[in-house]
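Beneath this line is the structure, given in C-alpha cells, with notes to follow.
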Amino acid sequence: MSSNFMEYHRPKSWTNALEILRRSEVSSQPLQVGPRPEALNDWGAEAVVDLSQLDLSYIRREGEKVLMGAMTPLQELAESELLHSIAGGILAQAAHLAAPLGLRNLAVLGGAVTSPAGPSEIVLALLALDASVVIRSGENQSSEKPLTEFLAGGAQLKRGEVLAEVRFPVASAAASGYLARVARTPRDEAIVAAVAVLQAEGNKVQRVRLAVAPSSAQRQRLEPVEKLLEGQAFTPQQLEKAATAVKEQVNPTGDYRGSVEYRREMSGVLAQRALQMAWKIVSGS
Amino acid sequence: MPVQVTINGKNVTLDVEPGQPLLEALRQAGYWSVKHGCETGECGACSVLLDGKLVPTCIMVAGQVEGHSIETVEGLTQGHEVHPIQQAFVDTGAVQCGYCTPAMILATKSLLDKEKYPTLEQAREALGPVLCRCTGYTKPLEAILRAAAYLRGEAVTPIEGEGIPVEWVFGSLDSQQAEPPLPTNGGAGGAVATQTRPDTQTRLTETAGATTEVVGRPETKVDAVKLAKGKPVFTDDVNPPGLLHGAMLTSPHAHARIRNIDVSKARALPGVHAVLTYKDVPRVIYASGGQSYPNPKPWDQVSLDSKVRFEGDRVAVVAAETPEIARKALDLIEVDYEVLPAVLDAEKAMETGAPVIHDEADAVGIHDVEHNIACVINAAIGDVEKSLAESDHVFERTYYVSKVQQASIEPHVVMTYWDDDERLVIRTSTQVPFHVRRMVAPLLNLPVKKIRVIKPRIGGGFGGKQEMLIEDLCAHLTIATNRPVRFEYTREQEFTSSRSRHPQKIMYRAGVMKDGTLHSLDMHVIEDTGAYGIHGLTVCSVTGLRGLATYRCPNMRFDAEIVYTNHPPAGAFRGYGAPQAEFALESLMDEIAHELGRDTVDFRMQNVVRTGDPIPITNALGEGGAVEQVIRSYALPECVEQAGASIEWQRRSDPNWKVDPERPHIRRGLGLAIAMHGTAIPGLDMGGADIKMNDDGSFNLLVGATDLGTGSDTVIGQIVAETLGVPLEDIIIYSSDTDFTPFDVGAYASSTTYISGTAALKAAEGVRQQIFERAALMLNTTTEGMYLHNRQVFTPAGKSVTLAEVALHSLHTQDQRQIQATASHVSSYSPPPFGAQYAEVEVDTETGQVTVKKLVMAVDCGTAINPVTALGQIEGGQAQALGYAVSEEMVYDEKGRALARRFGDYRIFEADESPEIKAILVPTYEPTGPYGAKAVAEIPMDGVAPAVANAVYDAVGVRIRDLPLIPEKVWKQLKDLKQA
C-alpha cells in the first residue's frame with residue numbers, strides 16, 4: 001500500500017482550491033473517485049485536492065432543471081427520490097449498478113463522468129437526459145457545456161478546472177426510460193449497455209433520446225437514430241430499422257469480454273430492447 | 001501531518017505522511033482488523049464505517065478523514081465481550097478464514113443501525129461491498145438476519161446438528177461383517193495400513209438412540225470469536241521493530257533474457273537496504289509446489305534468474321525502510337532485456353521450432369526440452385482401440401477449461417526475521433509450512449534446523465498457498481540486511497505473478513453399447529502449465545483419475561502432455577485437476593444421454609460406480625503409487641434424489657416453466673452433474689498429532705495440520721474431545737509451527753479431516769489408554785470396560801474419578817508421569833466423497849447472458865464432524881465454482897500480457913448478485929475415517945460448471961464446451977443454431 005502523492009490539500013474555498021490546481025510546478029488533481037477507482041499509487045499527480053469542503057454534494061430541482069453536485073456520492077444518486085421519479089429512475093438505477101454499496105458511498109458523480117473507463121450506465125443515462133456539465137475555473141467563473149460536447153473532448157479538464165456540477169432539464173420527467181445491458185454476472189460491468197428515454201404522443205414517438213455504450217469507454221448518443229424515430233409511429237418495422245441504424249453507427253472496440261462483432265450486434269439488440277421497454281411503459285402497451 | 005479523527009468514539013491524532021493511504025495509517029495505528037485485499041476498493045476487506053457508512057480505505061487518503069468519525073470492529077466491544085453481530089457470525093458459521101469478517105460485521109452494523117427488520121434483499125445489498133471467497137455468502141446472510149433477531153431480543157432457532165448415532169461409531173456386528181475387506185497395502189508412502197475402527201472397550205453407553213456428544217454437532221469454530229473481533233492473528237498483523245518492506249520487480253515481457261541489470265541507482269537511494277538480482281543469490285534448482293519429498297519433477301526454477309519466462313516473472317527484489325522507498329527503488333533498476341519470441345498456445349509450443357522456454361542446462365527432469373513438454377502421462381486399462389471398435393456408438397468431443405485464479409482475499413504475505421538464537425523465522429500465509437521449511441532451506445543455504453516456519457491464521461488459500469511462492473525472496477532479503485522484512489503481493493501481482501488453475505484441452509472418445517452401458521473411455525489432455533512445471537504432472541494425473549473413475553467402464557486410457565508456455569505458471573487450485581475433468585466428463589455424459597434419447601439421470605445411474613466397486617484407474621495413476629481402491633461408503637443415489645427434489649427437477653419437463661411470458665427472450669433450464677472426488681493422496685499424505693494432559697484435565701493438542709479457514713482446527717479438536725469425553729472447550733489446539741507441532745504435509749488434497757483427524761484420533765486413543773491406566777491405579781481396579789464421559793473416567797461398576805483428579809494424580813502424586821501421546825497417520829485408502837450438483841439458469845436468447853438462479857449440491861462426505869463447517873465448505877465451494885463456470889478467466893493479449901489485473905475485471909460474484917446456494921449433507925459412515933468422516937473440501941468445486949452448461953443446453957439447446965460461459969459464446973451458438 002502506498003501512493004504517489006506528496007501533498008494532500010483540503011481547501012475551504014474555491015479560490016484556494018483553484019490556486020492549488022493551477023500550479024504548474026506541481027501536478028495536482030481533484031479527488032473525485034469514480035466507480036472504478038485507480039490504485040492510489042497509479043494516480044499520475046503529485047498533489048491531490050480534496051473538494052469535500054466546497055459544498056458540491058447535492059441533488060435538487062431548481063426551476064426546470066435538476067442540479068447535482070459533482071461530489072455527490074453515487075449512493076445518494078441511487079437513493080434519491082427525485083431521481084427515481086424521473087424517466088423511470090434510470091439515473092438512480094445506473095448509479096446503483098455502478099458499484100457495490102461501499103464504493104457507492106465513496107465514489108462521486110464527478111468521478112463517474114470524468115472516468116475514461118468503468119461502468120458506463122451513469123453517463124448513458126445522463127446523455128439520454130440531455131445533461132450538461134458545469135466546469136468551474138475561477139472563484140466566480142464557470143461555464144456550462146453539453147455532456148455530449150464534454151465527452152467528445154475526452155472528458156478532459158484543463159489545469160485549474162474542476163467539474164462542479166451536472167444538470168439536466170426536468171422536462172425529461174414526463175418521459176419513460178429504460179436501461180438494458182448485458183454482462184457476465186448480474187452486477188458486473190456491462191459489456192454493452194443502452195439507455196432510452198422516450199416521450200409519446202398517441203401512437204407516435206414525440207421525443208426520444210438513445211445512448212449506447214458498445215464498450216465501457218465508448219459512450220455515445222445516437223442522434224441519427226433518434227431522428228429516425230421521432231414523429232413516427234412506433235412499429236416493429238421502425239424498431240428494426242432503428243436497431244440496424246444503431247449497429248451501423250457504433251464502432252466498438254473488442255476485448256476478452258466481447259468481440260467487435262458481438263458488441264455491434266448487442267448494441268442493436270439492447271438499443272431495441274431499451275426503446276421497446278420504454279415505449280411499453282410510456283404507452284402502457 | 002497530524003489528522004484529527006474520532007476512532008471508535010475516541011479522539012485520535014493520526015500522524016501520517018501527506019498522501020498516505022488511510023488503510024495503511026489505520027493499520028499503523030494498531031487497527032489491525034482493517035485488512036488489505038486489493039488497492040482499488042473492490043474487495044472491501046479494508047472497509048470501515050465512516051460517519052456510519054461503509055467505505056473502502058485503500059483508495060482513501062488519510063487526510064480525508066480529518067474531523068470525521070471512524071468505526072472499526074475493535075470498537076464494538078470491550079475485553080471479553082462479544083457484540084451480538086459478532087455472536088451471530090460465530091453462531092451461524094459465517095466465519096471461515098475470517099479475513100473479510102470484520103468488514104462484513106461492519107457492513108452488517110451499518111445496515112442494522114438503520115433497519116431493525118432487514119429483508120434478505122437488504123442484507124445482500126449490505127454485504128455486496130465485501131468479497132468473500134470462502135463462504136459463498138449464504139451463512140453471512142443468515143448471520144445478518146440472526147444478528148437482527150439478537151438485537152431485537154428475539155428467541156432464535158438453534159443451529160442444527162445433533163451428533164451421530166453411537167452405534168455408527170462403534171458399529172454393529174452385522175454391518176461390520178457385511179463390509180468388503182479393505183486393502184492393506186501401504187502404498188508407496190509407508191506400511192501403515194488403514195483399519196476399521198470398532199472399539200468396544202470404549203463403548204459409551206448401550207442406550208438405544210445415544211449420539212455422539214461433540215462429533216457431528218455444530219460446535220463453534222475455535223478461532224471464530226477472535227476472528228470476528230478482528231484480533232491481530234494474520235501474518236501481517238505484527239510490526240516488529242526495524243521492519244523493512246520488500247518489493248519485487250517483475251518482467252514486462254513474456255519471454256526475455258536479461259542482458260544486463262544495473263541496480264546501482266536503486267542501491268544508492270536513501271532508505272534502501274538491499275537490492276538482489278540473479279547475481280546476488282545462489283543458483284539452486286527447485287520446484288515451488290508445496291509437495292512431499294522428493295518434489296515431483298520437473299525442477300525448473302531458481303530464486304532469481306537471468307531469463308524471464310512470463311510477464312510477471314521475478315527480476316529483482318528490494319528491501320527498504322518504507323513501501324514508497326521500495327517502490328521508488330524498483331523504478332531505478334535498469335534492465336536491458338533481449339526480448340525473445342513467446343509462445344502462448346500449448347499445442348504450438350509442442351511444434352518443432354517453437355521457442356524453447358527452458359533452455360537452461362541445469363533444469364532437472366524435463367521430458368522434452370525442445371518441444372516444451374514438461375512431462376507426459378500414459379495409462380491404460382483394457383484395450384481402448386478394440387473396445388471402441390466394438391462399441392455400438394462412439395462419441396468424440398473436445399472441451400476447454402480456462403485459467404482461473406484462487407484469488408484468496410488475503411494476498412500472499414510473508415515476514416522473515418532472525419530470532420534470538422539466530423535462527424531464521426518465516427511467518428507466512430501458507431498451506432504447507434513443513435514443505436516450505438524443507439524446500440526453502442537449500443535455496444538459502446541454511447540447514448532445516450536453522451529455520452522455523454510459523455503459520456498464523458490464513459486469509460484463504462484454495463491451493464494458491466500450497467506453494468513456496470515468496471518465502472525464499474523475503475528470506476534472502478533478511479539474510480542480506482539482518483533485518484526483519486515483510487513482503488506482500490499487491491493484488492495486481494496476485495494476478496500477474498501468482499498461480500492459477502491449469503487450463504486444459506480435454507478430448508474424450510466414448511464407446512457405448514446399445515443398452516447404454518459404457519464400454520470404452522479414451523481421454524487425452526493437453527495441459528498448459530505455463531512457464532514452470534509446478535504441480536503440472538500431479539494436477540493432470542488427478543484430471544485422469546477423476547475423468548475415468550466415476551463411471552464403470554472396462555476399457556480406459558489416459559494420455560496427457562503437460563506443456564510449457566509463456567503464460568504465468570499454474571499451480572494447485574481447490575479441486576486440483578478434478579474440476580477440469582468433471583466439466584468434460586459430465587458434459588459428455590449429458591451429451592451421450594441426449595443423443596441416445598435417454599434420460600440424463602437414468603443414463604448416469606446406469607453406469608455410475610456403486611458400493612463395492614473397485615476404482616481401477618487408481619492402479620494406473622496416483623502420486624502415492626499404484627493403490628487399489630474399493631468403494632465402501634456411498635450415497636450417490638440419495639444425493640441425486642435429495643438435491644433433485646430441492647431444485648424441483650421435474651420442472652425440466654414443464655414447457656410452461658421454461659418460458660416467461662413477461663420476458664419472451666428468456667428461457668429457463670435445469671442441469672445436473674455428478675461429482676466424485678478423492679480423500680487425501682493414498683500412501684503419501686501424512687499427518688501428526690500430539691496431545692498432552694494438563695493439571696485441570698484439559699488437553700493441549702498440537703497438530704501440524706494447516707487450518708486455512710476451513711475449520712480443521714475445530715474439526716480435529718472435536719475428534720479429540722469426543723474421544724476423551726470432554727467438551728471442545730477443554731481442547732487447546734495449536735497448529736502449524738514447525739518448531740512445536742508434529743509434521744503434517746499441510747492443507748491440500750482434501751486430506752486434513754481424514755488424515756490429520758485420524759492422527760489426532762490415534763493420539764487421543766493413546767492418551768485415553770494412559771488415563772484408564774492411571775484411573776485403574778487410583779481406583780484399584782483394571783482398565784477393562786472403562787470409558788470416558790463428561791470429564792470423568794467410569795468403570796463398568798459405576799465408580800469414577802474426574803479427569804482433573806487423574807491429571808493431578810499423574811503429575812504430582814504417585815508414579816508421576818506426563819500423560820501424553822503422539823501419533824501419525826497415513827492411509828493406503830482414499831475413500832471418495834460423492835455429490836449431486838444441480839443448477840437452475842435463465843438464458844437470454846438475444847444476448848446469450850446466462851443468469852444462474854439457484855445451485856443445490858447434496859454431498860455424501862461420510863460423517864460431517866461439524867455439520868456447520870461442512871455445509872459452509874459446500875456452499876462456499878459452489879460459489880467459487882460458479883465464477884469458474886460463468887465469469888472468471890485469466891486472459892492475455894498476444895504478447896502474453898495479463899488483461900484482467902484487478903478484481904472487477906477478474907469477476908468474482910458479490911453477495912448482491914449471487915444466486916441462492918444450497919447445500920445438503922447426506923450422511924454415510926466411512927469405516928476408514930475418523931468417526932466415519934471422509935472429505936468435503938474440494939468436491940463442491942467439481943459439479944457447478946457442467947451443471948450450468950447442461951442447464952443451458954436444457955434451456956436453449958446449445959452446448960458450450962468452453963469455459964467460462966460468457967454471453968458471447970452462448971450467443972454465437974444460438975446464432976448458429978438459428979441459422980441451422
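Everything numeric in this text was worked out from a predicted model, so none of it was measured. Chain naming here is simple, since letters A, B, ... match the order of the sequence lines and numbering starts at 1 in each.
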- [ ] Under the side chain to side chain contact (heavy atoms under 4.5 Å, CB included) rule, what do A:Leu91 and A:Ile122 come out as? Steps first, then yes or no, please.
- [x] CA-CA 6 Å; A:Leu91 182 54; A:Ile122 290 176; 4.1 Å; yes
Does any backbone or side-chain atom of [X] lie under 4.5 Å from a heavy atom of chain A? Answer side chain, backbone, both or neither.
{"X": "B:Asp844", "value": "side chain"}
{"X": "B:Thr851", "value": "side chain"}
{"X": "B:Glu846", "value": "both"}
{"X": "B:His245", "value": "neither"}
{"X": "B:Ala900", "value": "both"}
{"X": "B:Val55", "value": "both"}

Look at [options] and state which one has the largest set of heavy-atom pairs under 4.5 Å with chain B.
{"options": "A:Arg36, A:Glu46, A:Glu261, A:Gln75", "result": "A:Arg36"}
{"options": "A:Arg257, A:Arg104, A:Gln272", "result": "A:Arg104"}
{"options": "A:Glu189, A:Glu38, A:Arg263, A:His9", "result": "A:Glu38"}
{"options": "A:Leu101, A:Val48, A:Asp50", "result": "A:Leu101"}
{"options": "A:Gly118, A:Pro37, A:Ala107", "result": "A:Pro37"}
{"options": "A:Asp188, A:Leu103, A:Val192", "result": "A:Asp188"}

As an exercise: rank [options] by heavy-atom pairs under 4.5 Å with chain A and give me the winner.
{"options": "B:Gly883, B:Pro967, B:Gly41", "value": "B:Pro967"}
{"options": "B:Arg907, B:Lys969, B:Met60, B:Lys53", "value": "B:Arg907"}
{"options": "B:Gly63, B:Ser887, B:Ala103, B:Ala326", "value": "B:Gly63"}
{"options": "B:Val886, B:Asp912, B:Ile966", "value": "B:Asp912"}
{"options": "B:Arg27, B:Lys975, B:Glu910", "value": "B:Glu910"}

Q) Side-chain contact, heavy-atom cut-off 4.5 Å: A:Val282 with A:Phe234? A)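 Counting from C-beta outward, A:Val282 and A:Phe234 never come under 4.5 Å.
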Note to self: Could you go through B:Thr847 and A:Tyr262, starting from their C-alpha distance and side-chain angles, then the distance that decides it, and tell me whether this counts as side chain to side chain contact (heavy atoms under 4.5 Å, CB included)?
What the structure shows: CA-CA 9 Å; B:Thr847 66; A:Tyr262 179 70; 4.1 Å; yes
* Asked: Can you check side chain to side chain contact (heavy atoms under 4.5 Å, CB included) on B:Glu66 and B:Met1, steps first, answer last?
  -> CA-CA 11 Å; B:Glu66 171 78 34; B:Met1 68 181 223; over 6 Å; no
Atom CD of residue position A:Gln220 - does it have more than 12 heavy atoms of other residues, nucleotides or ligands inside 6.0 Å?
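Counting neighbours around CD of A:Gln220, more than 12 heavy atoms of other residues, nucleotides or ligands fall under 6.0 Å, so yes.
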Quick test of your reading of the model: are [X] and [Y] salt-bridged, counting only N-O distances below 4.0 Å?
{"X": "B:Glu968", "Y": "B:Lys972", "result": "yes"}
{"X": "B:Arg663", "Y": "B:Glu842", "result": "yes"}
{"X": "B:Arg901", "Y": "B:Glu492", "result": "yes"}
{"X": "A:Asp42", "Y": "B:Arg902", "result": "no"}
{"X": "B:Glu121", "Y": "B:Arg124", "result": "yes"}

Go through the atoms of [X] and report whether side chain, backbone, both or neither lie under 4.5 Å from a heavy atom of chain B.
{"X": "A:Thr185", "answer": "both"}
{"X": "A:Asp255", "answer": "neither"}
{"X": "A:Val33", "answer": "side chain"}
{"X": "A:Arg10", "answer": "side chain"}

Next item on the list: Kindly say whether the aromatic ring centers of B:Phe903 and B:Phe495 come within a distance under 6.0 Å.
Entry: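 That pair passes the under 6.0 Å test.
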ask   = A:Thr235 and A:Gln238: side-chain donor and acceptor closer than 3.5 Å?
value =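 Result is no, nothing qualifies.
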Is there a donor-acceptor pair under 3.5 Å between the side chain of A:Gln32 and the backbone N or O of A:Leu163?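 Yes, the answer is positive, given that a donor and an acceptor are paired below the 3.5 Å cut-off.
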